[in-house]
Amino acid sequence: MFQLLHATRRRQRGDLPIIGWTEPHEYLYYRKTLRQSQSILILLVLIWLAAGLFSNNWLAILVVIITGVPLLIKQFQFFKALRHTFRFDFELDAKLLYFILDNNLNDDTVFSYIKEKNELIIRVLKNNDLSEIAKIENLDKGLVALVGLPLIQKDIRQQYVDFSFMLNTPKRLTINSTTQPEFTNDMKIDLGYGFNYDPITDPHILVAGSSGSGKSIFISTIILEFMKRRSDIYICDPKNSDLGMLSHYLGDHVAVTSPQIAKVTRLVVEEMEQRYEYMSENFKYGSNFVDHKFKSVWLVFDEMGAFSATGTDKQSKEVLQQVMANIKQIILKGRQAGVFVLIAAQQMNANMLGGTELRDNLGLRLALGSNSSEGYRMVFGSHVPETLPNTSQKGSGLIYLESSGKEQAQYYESPYVDMKTFNFIDELIKYQIAQKDDLGVLK
Ligand SMILES: Nc1ncnc2c1ncn2[C@@H]1O[C@H](COP(=O)(O)OP(=O)(O)OP(=O)(O)O)[C@@H](O)[C@H]1O
Ligand SMILES: [Mg+2]
């Protein structure tokens, strides 16, 4: 009984539970322990009452009744509360202990776990037995069934394996039309589903996914977020599809032909270089574009795969090389100047960005819809999770944020847009008018 109370107190102090058959596991018998302790207490109180009642001394009778009777009643509540606490505190411990038996793991296997904000992390310590290590590294399915929660990530380390589970299902954002533009100075963009995107920490975005996976819808919602931040937006749409028609509203900031695309990317690079010049003339240590009161610039390049396939003759090859050189410069140098790219493509391929090195400089990467493992590898490199999620939900996929510290890309649902009621162009115009008239109210 005291051991159980001690263990509960240690947990309240923040000590991690250590679970294994070779570790103390008296919590398995907490019901029996509590029953025994309760019986002993009741017996002692009854003896106390009897001793008083048979003493023939009215004072002693009064004292035992005043103390004994409330004690007899109170102990029921006390043990009920303890039973509840122990059951809650040690439920997972007991499950994990039996999990060791059920999965034929060695007797000396040790588990631990910690509950964080939205995650339950179960850690399994490795021993020196190689076949046991292989088993431990593949406990995913068994543990998912045990805890009944979605696995977010598995982190295999030399000494242990961490399995992280999602405790609360994150909420998907729903995009509604606004009555009034909502400008903000906060650079961070809420992408929903528990993800926040800050271009300063994770510059540049890559959106990949097959046809109909939701790339254009995601890009539209993020363009509105850029507009809320008064960003300067340039658009390249070599297939002249969804985004190309924005030329009616954004004028020569929208490029669809190769020469236009070359021009727009050059303009963005020039803007970046001018900013660097200005920033070095007005040097402030450790400063970035925000300190110099620059707005962010976003170059949104849809269907890049289609464009990179255009370099067939000598002339178009030259244009392609020029455009790719411009994009490379922005990716490598843009962050401090506040100049960013968003690249979308149906299929990422190694040649598109001239190798994986450049891809690794894109801080936020998304693969929407279902992709082949090769497709995922092209987007996430070594960050592809072992278990691929079901992406049947429209606009869902995998997301990887460089600064998140997570080893693997996570399941994600992009903001939900009700196509019947939401009109992207109407929203865009609202922001454009407000920006021109500067009617926007800064938060
Ligand atoms: N976030 C979302 N909310 C609601 N519906 C969505 C969402 N994402 C995708 N859809 C549905 O899927 C359709 C296709 O999406 P979208 O046009 O964005 O695909 P895409 O990846 O751009 O395809 P393509 O490569 O052919 O251009 C949309 O018209 C819409 O009906
Ligand atoms: Mg599209």
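Residue numbers start at 1 and run along the sequence shown. The shown structure was predicted, so the numbers you read here are calculated from the model rather than taken from an experiment. Just so you know, ligand 1 is whichever comes first in the structure, and atom 1 is the first atom listed for that ligand.
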For the pair Tyr431 and Phe183, name the ring-plane relationship: parallel under 30°, tilted 30 to 60°, perpendicular over 60°.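 The rings of Tyr431 and Phe183 stand perpendicular, inter-plane angle above 60°.
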Using heavy atoms and a cut-off under 4.0 Å, could you grab the residues that are in contact with ligand 1, chain by chain, numbers ascending?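 Contacts of ligand 1 under 4.0 Å: Arg172, Ser210, Ser211, Gly212, Ser213, Gly214, Lys215, Ser216, Ile217, Glu303, Gln346, Lys394, Gly395, Ser414, Pro415, Tyr416, Val417, Met419.
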Can we say Lys154 and Asp140 salt-bridge, meaning some charged N sits less than 4.0 Å from an Asp/Glu carboxylate O?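 Salt bridge present between Lys154 and Asp140.
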Any salt bridge linking Glu402 with Arg365? Criterion: basic side-chain nitrogen under 4.0 Å from a carboxylate oxygen.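 Salt bridge flag = yes for Arg365 with Glu402.
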Residues that Asp252 engages under side-chain contact (heavy atoms from CB on, under 4.5 Å), provided they are two or more places apart: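 For Asp252 there are no side-chain contact (heavy atoms from CB on, under 4.5 Å) partners, ignoring immediate neighbours.
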Set of side-chain contact (heavy atoms from CB on, under 4.5 Å) partners for His6, sequence neighbours left out: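 Applying side-chain contact (heavy atoms from CB on, under 4.5 Å) to His6 gives Arg10.
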Given 3.5 Å as the limit, does a donor-acceptor pair link the side chain of Tyr27 with the main chain of Ala7, or not?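 It does not hold such a pair.
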In this structure, is the centre-to-centre distance between the rings of Tyr412 and Phe195 below 6.0 Å?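 They qualify: ring centres under 6.0 Å apart.
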Do the side chains of Phe99 and Val124 get nearer than 4.5 Å, heavy atoms only?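 Of all side-chain heavy-atom pairs linking Phe99 with Val124, none is under 4.5 Å.
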Report yes if the side chains of Ile217 and Met419 come closer than 4.5 Å at any heavy-atom pair, otherwise no.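 Yes - at least one pair of side-chain heavy atoms lies under 4.5 Å apart.
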Count up the protein N, O or S atoms sitting under 2.8 Å from the Mg ion (ligand 2), would you?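 Those protein atoms number 1 in total.
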